[in-house]
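The block underneath contains the structure these notes are about, expressed in structure tokens.
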Amino acid sequence: MPELPEVETVKIELTDKIIGLEISKVALTRTKMLINITPEYFTSRLEGKRIIDISRRGKYIIVHLLPKIRLVFHLGMTGILIYPYMEKFAKNNSGDIKLKHNHFIFNFNDSTQMVFNDVRRFGKVYLVNDVSEIKGIAHLGMEPLVDEFTPDSFFNILKSNSKKRIKSLIMNQKLIAGLGNIYANEALYRANIHPMRMASSLTHNDAVTLHEQIKHVLNKAIQLKGSTISDGAFRNTEGKNGKFKQEILVYARKGKKCLKCQHLIEMVKIEGRSSFYCPVCQKNNVFHQ
DNA sequence: AGGGGTACCTGCGGGC
DNA sequence: TGCCCGCAGGTACCCC
């Protein structure tokens with residue numbers, strides 16, 4: 001579920017709230033979500049450490065601790081970090097956060113708690129001296145919201161990956177870090193580019209437009225604190241919904257009218273992911289099967 | 001080399 | 001009502 005804007009939202013909120021706190025005790029119930037280390041090592045290395053910074057790289061959240069060590073979260077499809085955690089979140093109401101999916105509990109020296117809750121358990125937790133030890137991070141491509149991500153740098157990525165379909169390319173974390181299925185669909189629709197087009201078919205102008213729309217949808221989504229498409233999905237650290245859903249133009253709108261031209265939105269699978277597009281606005285005039 | 005299939009998981013909504 | 005199926009914001013791996 002969580003893409004760059006959702007992860008950035010969590011980073012911003014945690015930065016406001018937990019920097020300076022010291023971890024007093026850690027409890028966990030899902031050791032499979034802990035990567036390459038034992039629960040004993042994890043808890044013993046964390047207890048007594050102080051949080052000095054929070055950062056984000058791609059879809060990873062990095063908690064910087066002193067004495068130096070990094071606690072890293074990947075939220076998978078349904079992971080959420082809740083702070084401050086209160087029992088009301090665990091009430092069994094529909095759409096509420098369910099107690100049985102609380103897998104990690106971090107207790108702080110001020111008696112507050114942070115919980116990592118994850119329904120599908122695709123999330124991952126790491127504890128490393130340096131984030132480069134995490135392959136998924138070491139191989140990440142360019143951050144789309146930094147100054148170095150220019151239209152020309154984007155066009156260069158297209159040229160050196162010309163045989164990939166454009167949607168596969170922009171969702172490839174090794175090339176651009178942070179776009180997932182929702183924002184890839186939305187950026188392509190806004191740029192009038194068919195998701196099946198080969199990267200080689202994009203003109204420089206196409207690349208400029210798509211670059212602009214990628215930045216636009218990501219920035220807008222961060223402003224609106226991410227997307228919550230359905231119940232039981234992304235929540236911010238206080239358990240509240242993101243509001244980008246109201247800006248979604250094409251994602252999950254198969255069979256509905258295009259908001260620009262009234263034609264029906266179609267869907268095709270690309271690398272196993274549902275890809276929504278308007279066959280009129282996003283003409284695939286340069287198409288290799 | 002790109003991309004299909006599969007695996008990892010639980011939960012929801014639609015069709016019958 | 002209940003059951004079965006497909007689908008879900010992610011990623012890693014095997015295979016052709």
Side-chain angles (χ1 to χ4, degrees), chain A residues 1-10 29-36 57-61 72-81 92-103 116-126 134-141 160-187 195-200 217-218 221-222 224-236 241-245 247-248 250-255 267-276 288-289:
Chain A
M1 116 189 83
E3 307 180 35
L4 186 153
E6 290 74 29
V7 179
E8 180 69 13
T9 298
V10 171
T29 54
R30 293 289 177 180
T31 57
K32 266 187 83 175
M33 296 171 70
L34 206 49
I35 308 305
N36 288 339
R57 178 81 172 96
K59 301 174 191 171
Y60 292 82
I61 296 173
V72 180
F73 296 95
H74 192 291
L75 302 179
M77 290 278 260
T78 52
I80 49 176
L81 283 166
N92 204 25
N93 298 329
S94 151
D96 269 0
I97 290 144
K98 302 233 169 52
L99 189 63
K100 67 172 169 177
H101 301 306
N102 287 350
H103 307 308
F116 185 32
N117 179 294
D118 186 359
V119 173
R120 294 178 69 184
R121 310 205 296 268
F122 292 166
K124 292 182 168 64
V125 181
Y126 307 81
I134 300 167
K135 277 189 203 162
I137 293 187
H139 298 153
L140 282 175
S160 45
N161 295 274
S162 59
K163 292 187 175 165
K164 289 186 164 72
R165 301 200 185 278
I166 188 60
K167 179 162 180 276
S168 300
L169 186 153
I170 64 174
M171 283 184 68
N172 186 327
Q173 302 301 301
K174 292 177 180 166
L175 301 178
I176 301 167
L179 277 168
N181 205 24
I182 293 179
Y183 299 107
N185 274 294
E186 292 297 314
M196 289 282 277
R197 277 177 62 184
M198 306 304 281
S200 58
V217 295
L218 293 177
I222 292 169
L224 297 175
K225 301 184 197 285
S227 299
T228 302
I229 301 301
S230 62
D231 285 349
F234 175 72
R235 304 302 165 89
N236 72 3
N241 290 359
K243 294 193 171 60
F244 189 79
K245 187 181 180 181
E247 304 286 323
I248 282 178
V250 74
Y251 179 78
R253 295 195 68 250
K254 180 185 179 185
M267 194 264 273
V268 63
K269 291 267 183 191
I270 301 173
E271 289 190 53
R273 314 301 299 278
S274 295
S275 309
F276 304 90
H288 308 286
Q289 205 42 283

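Every chain is numbered from 1, with letters handed out A, B, ... down the list of sequences. As the structure is a prediction and not an experimental result, all values here were calculated from the model. All values below were derived from every heavy atom in this structure, side-chain atoms included, with hydrogens, water molecules and symmetry-related copies excluded.
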Practice item. Look at the side chain of A:Arg120 and the base of B:dC9, then say whether one donor and one acceptor between them are separated by less than 3.5 Å. Key: yes
Review point. Do you know the tightest heavy-atom contact between A:Asp118 and A:Gly79?
Key: OD1-N, 3.5 Å
**Study point:** Shortest non-hydrogen contact from A:Ser274 toward A:Lys167
**Key:** O-NZ, 3.8 Å
It should be established whether [X] places a side-chain nitrogen or oxygen under 4.0 Å from OP1 or OP2 of nucleotide [N].
X	N	result
A:Ser168	B:dG3	yes
A:Arg165	B:dG3	yes
A:His101	B:dG11	yes
A:Lys164	B:dG2	yes
A:Lys124	C:dA12	no

Check your understanding: If pairing requires Watson-Crick or G-U wobble contacts with both distances under 3.5 Å, which nucleotide is the partner of C:dC16?
Key -> B:dG2
For [X] and [N], give me the distance from atom [atom1] to atom [atom2], rounded to whole Å.
X	N	atom1	atom2	result
A:Lys135	C:dA12	NZ	C1'	10 Å
A:Lys98	B:dT10	NZ	C1'	10 Å
A:Arg121	B:dT10	CZ	P	4 Å
A:Asn172	C:dA12	CG	P	10 Å
A:Ile270	B:dG5	CD1	C1'	17 Å
A:Ile229	C:dG10	CD1	C1'	15 Å
A:Lys174	B:dA1	NZ	P	13 Å
A:Asp118	C:dT11	CG	P	13 Å

Of all the nucleotides listed ([options]), which has the minimum atom distance to the side chain of [X]?
X	options	value
A:Lys100	B:dG11, C:dT11, C:dC7	B:dG11
A:Lys269	B:dG11, C:dA8, B:dC9	C:dA8
A:Tyr251	B:dC8, B:dT10, C:dA8	C:dA8
A:Lys163	B:dG3, B:dG11, B:dG2	B:dG2
A:Glu271	B:dG3, B:dC9, C:dT11	B:dG3

Practice item. Please round to the nearest 0.5 Å and tell me the distance separating atom CZ of A:Arg197 and atom CD1 of A:Ile166. Key: 8.5 Å
**Study point:** Centroid under 5.5 Å and tilt under 30°, A:Phe122 to B:dC9
**Key:** no
Review point. Given the P atoms of C:dG6 and B:dG5, what is the spacing between them in whole Å?
Key: 14 Å
Check your understanding: How far, in whole Å, is C:dG2 from B:dC9 if one measures between their C1' atoms?
Key -> 23 Å
Practice item. With heavy atoms under 4.0 Å as the rule, sort A:Tyr183 into base, sugar-phosphate or nothing. Key: nothing
Exercise for review: From the options A:Arg165, A:Glu271, A:Arg273, select the one residue that forms a side chain to side chain contact (heavy atoms under 4.5 Å, CB included) with A:Met171.
Suggested key: A:Arg273
Practice item. Please check if the side chain of A:Glu3 supplies one atom and the backbone of A:Ile182 the other of a donor-acceptor pair under 3.5 Å. Key: yes
Check your understanding: Which comes earlier along DNA chain C counting from the 5' end, the contact point of A:His74 or that of A:Gly272, where each point is its nearest nucleotide?
Key -> A:Gly272
Exercise for review: Answer yes if the side chains of A:Tyr60 and A:Gln173 hold a donor-acceptor pair under 3.5 Å, and no otherwise.
Suggested key: no
